[in-house]
Amino acid sequence: MDANIYKNKKPLILFLFPAFVFMAVYLYYPFFKNILDSFMQIKQLGVSGEEFNTPWYTNYVEMIHDQNVWTSLKNTLIMMVVTLVGQVGIALILALMVDNITKGAKLFRTLYFFPIVVSATALGLLFNLIFLYDKGMLNQFLEVLGRKTLIDWKGEHLALFTMMLPVMWQYVGFYFVIIITGLNNIPEELYEAASIDGATKLQRIRYITLPMAHNVLCTCAVLAVTGALKVFDLPWIMFPKGMPLKSTFLTGTYMYYQTMEVKNVDYGAALAVMIVILGVVLSKVVNTIFKEKDY
Amino acid sequence: MKQKEMTKSFQSRPARKKRWKPSVALVYLFLIFWAMTTVYPIIWVFQNSFKAKDKILSNSFSLPVGNLYTTANYRKAFQNLDIFSAYKNSVFISCVVCAGVVLLAGLAALPPLFRCIPWKLPGELSIPETGGCLCSL
Amino acid sequence: MKLKKITALLLTCTMAFSMAACGSKKEVATETKGAGSTTGSVELEVVTTFAGNDGNAQNYKASYEAWERETGNTVVDMSATSDDSFKTRVVTDFETGSEPDVLFFFNGADANDFIKAGKVISIEDIRAEYPEYASNMDDGRIPASMVDDKAYAVPVNGYWEAMFVNTEVLDAAGVEVPGADYTWDAFLADCEKIKDAGYTPIAAALGNIPHYWWEFAIFNHTTVEDHLTVPASIEDEIGKGWVAGMEDIKSLYESGYFPDNTLSATDDETFAMFVDGKAAFLIDGSWKVGGIVSACQSDPDDAATLDTDKLANFDVTYVPGSDTRKATDLIGGLSMGYYITKKAWDDPAKREAAVSFVSYMTSDEVVPIFAQHTASALKNAPEVDEEAFNALQIKAMSMMAGCTSLTGAVQDVFNGECRVSTFDGMPEIVTGNVSAADAVQEGLDVYAAQ
């Protein structure tokens, strides 16, 4: 094998080079520049930092004292739990069901994938109309059912619920497709052997399907957790600027708010660094919890 | 072969009895329910696109028939807002991104496969082997 | 082995080639603005706010297409609806060197950055080469920049902010349409009556667009002369007025005169409430006349579908005054205008085309189409033909006839980051989470640090 490596080295580098250059320019350079920016004083977008902040760590200190950062972290953690239980959980249940039926599997696959194909902006508008206070779909339903006062779905008490529901709904199809592909890879013989041995459906699921799909579930968990850190489009369309009362900020939307709306660009850069660190730490944690097992 | 034939015949007998088991019906019910929640919003958007703006708020669920029907929204989108050029831009971006990703990622994915199992072509590797090679990067 | 090498080389070449092609394609996408004098006709990049749902979007499109036919040049139009992200985009474009040739933009503090950087040409300098430039405008009415007191932007249409009322709701609550002598106390009494009748007195989305209430609440504690002065701190006269203004909005909120969901609703939602006869008062700008008229048409673009009965329910009047401000003192002015950028000026072909374009768009024939019932800086404003206007526009014009003064908006001076604590923080102020004094002081500190 050693001799082969030496022989193949040149084309190896040739193959890797284009992708590496692309990533270096569009990923590594902005990433490190961003870390540098979080220590500098930047007046506006498009202007590069000229001098360092005084003291240089001031943005990070501000982050610790900023109430909105803690709110956003709390909301993001709730979102992660919701996506793990909601998106991956429901997707798992759906995949198990679809795996066990004979007809219509392809149809369901297509139908469940719809929400991902629709742009998040369009979905945001759609859900805005559904949750609208005055004549939204839900409130109209309630009026028809006889309720007198309207529910303010975007008010303080229900805002988080209203925000997480569409986000959860949208990506179920995505995880569904991943899991069902993983389930299809489980060899039929195992199921047949188990049913010959007298296992019921539930037992088959518990002892064969779930363990075999372990790796796929691990991937889904990592994707869900890091996705929750970055999710932006749907929450921003429905709850811009963290309204009401800045209680619905997520890490992604708060970073956008600070950079684009408040135009505190270096603070936004510091927030971005925080999100990256959180992402790396959390995905390592998830990876150790769902350790890769070889069956 | 004989084993397969035996399992097949074994399974075919209970299949006739199993057809209308309530659990299967329940499963289908749940799946159809979820499919409706994914499809209905799109149908809703489509039917509302034929209504005037204020009518959307007052009659969201009714079908756009009679005096609710109007093509003004589509006209506005294509003439005033020039959505056609937006479509063109999106198609262009999608094609470029697709081509770019396939080329870049495809090229980058090949060497480690050549490297770790140089006597096998990429197509011959199974998923765990590919995964192992990629992870060992 | 050789085959592998060849395949590898071929693939890499294809890669590099397609990347270069992709790269240049992206460049082409950004350069279709810009180059073009090769064919003899000039391509002018123009950015305005006449786009999307703006009332003048169609007028603008028709006007520049007419100019294109007349001169044989082409306009690359990159207009977008005016909001905070539009302002950011324009300023960033100037920073990165991708600014347009002609720009229709605000002439207040939002333009300070690129005027200071010398990226636009002043009207004086343009007149050195083209003496007839903007000669049909009254120089005294062209606003000068805050940076160096020179005029840069040629205005087209002005704006005013006043109070729209839904007379149907007022009648149902037994309240008279307010007149020129409307006081704040009379306003509070009317709101109480409207609330008792089961309607929402004020249509406003404090969590989304508190701009107009912010402006008038402060105006009620300042005078026409010192309204545009930003106080140094909350301790001085004007500063105390600002805090009192915020407190006024808070007391309105606590009395329940705003909609139930004012903190989580969007401006469109509360506007829909107003149009549907659920709310009585709406403070907004002159552009909302077009918005109300569209809402009364079953086809928003076709004036023939106007429901005149529904439109008759709306009127526009003065904003309740105080001891320092008459009800007829309104906010308004000529806040936007056409700039010619240095980028276009330095290119002789583009310079010619840009001057021709701006002169056309600000000519005596075109300005009235845009300005309609609002003010302009024309020396010879044409006679108002009442036949061409709808009922609400006529009511607006008669209201403006009784207006005693038009002051600029102090929020155009106190812009950007300064406004965050009091605009984005308005929900916190009205619910009492943050005291009005603290919020105002925070904003003033940001302003002072600039």
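Basis for what follows: all heavy atoms, side chains included, without hydrogens, waters or symmetry-related copies. Labels below follow one simple rule: chain letters A, B, ... track the order of the sequence lines, proteins then strands, and each chain is numbered from 1.
- Test A/Leu94, A/Leu92, A/Val98 against A/Leu96 for side chain to side chain contact (heavy atoms under 4.5 Å, CB included) and you get one pass: A/Leu92.
- Considering only heavy-atom pairs separated by less than 4.5 Å from chain A, the leading option among B/Ile32, B/Val27, B/Thr37, B/Leu31 is B/Leu31.
- Remark: the backbone N or O of A/Tyr133 is not paired with any side-chain donor or acceptor of A/Asp152 at under 3.5 angstrom.
- Taking chain B as the reference chain and counting heavy-atom pairs below 4.5 Å, the highest number among A/Gln170, A/Lys103, A/Met23 is found for A/Lys103.
- In summary, the aromatic rings of A/Phe127 and A/Trp169 are positioned with their centroids under 6.0 Å apart.
- Ranked by heavy-atom pairs under 4.5 Å with chain B, the list A/Phe108, A/Phe114, A/Phe20, A/Phe113 is led by A/Phe108.
- Between A/Phe174 and A/Tyr171, the angle of the ring planes goes over 60°, which puts this pair in the perpendicular group of the 30/60° scheme.
- Each of A/Leu107, A/Ile93, A/Val172 has some count of heavy-atom pairs under 4.5 Å with chain B, and the biggest count is that of A/Val172.
- The contact between A/Ile90 and chain B is made entirely by side chain atoms (from C-beta outward), counting heavy-atom distances below 4.5 Å.
- In this structure, the side chain of B/Asn73 engages the main chain of B/Ser49 through a donor-acceptor pair within 3.5 Å.
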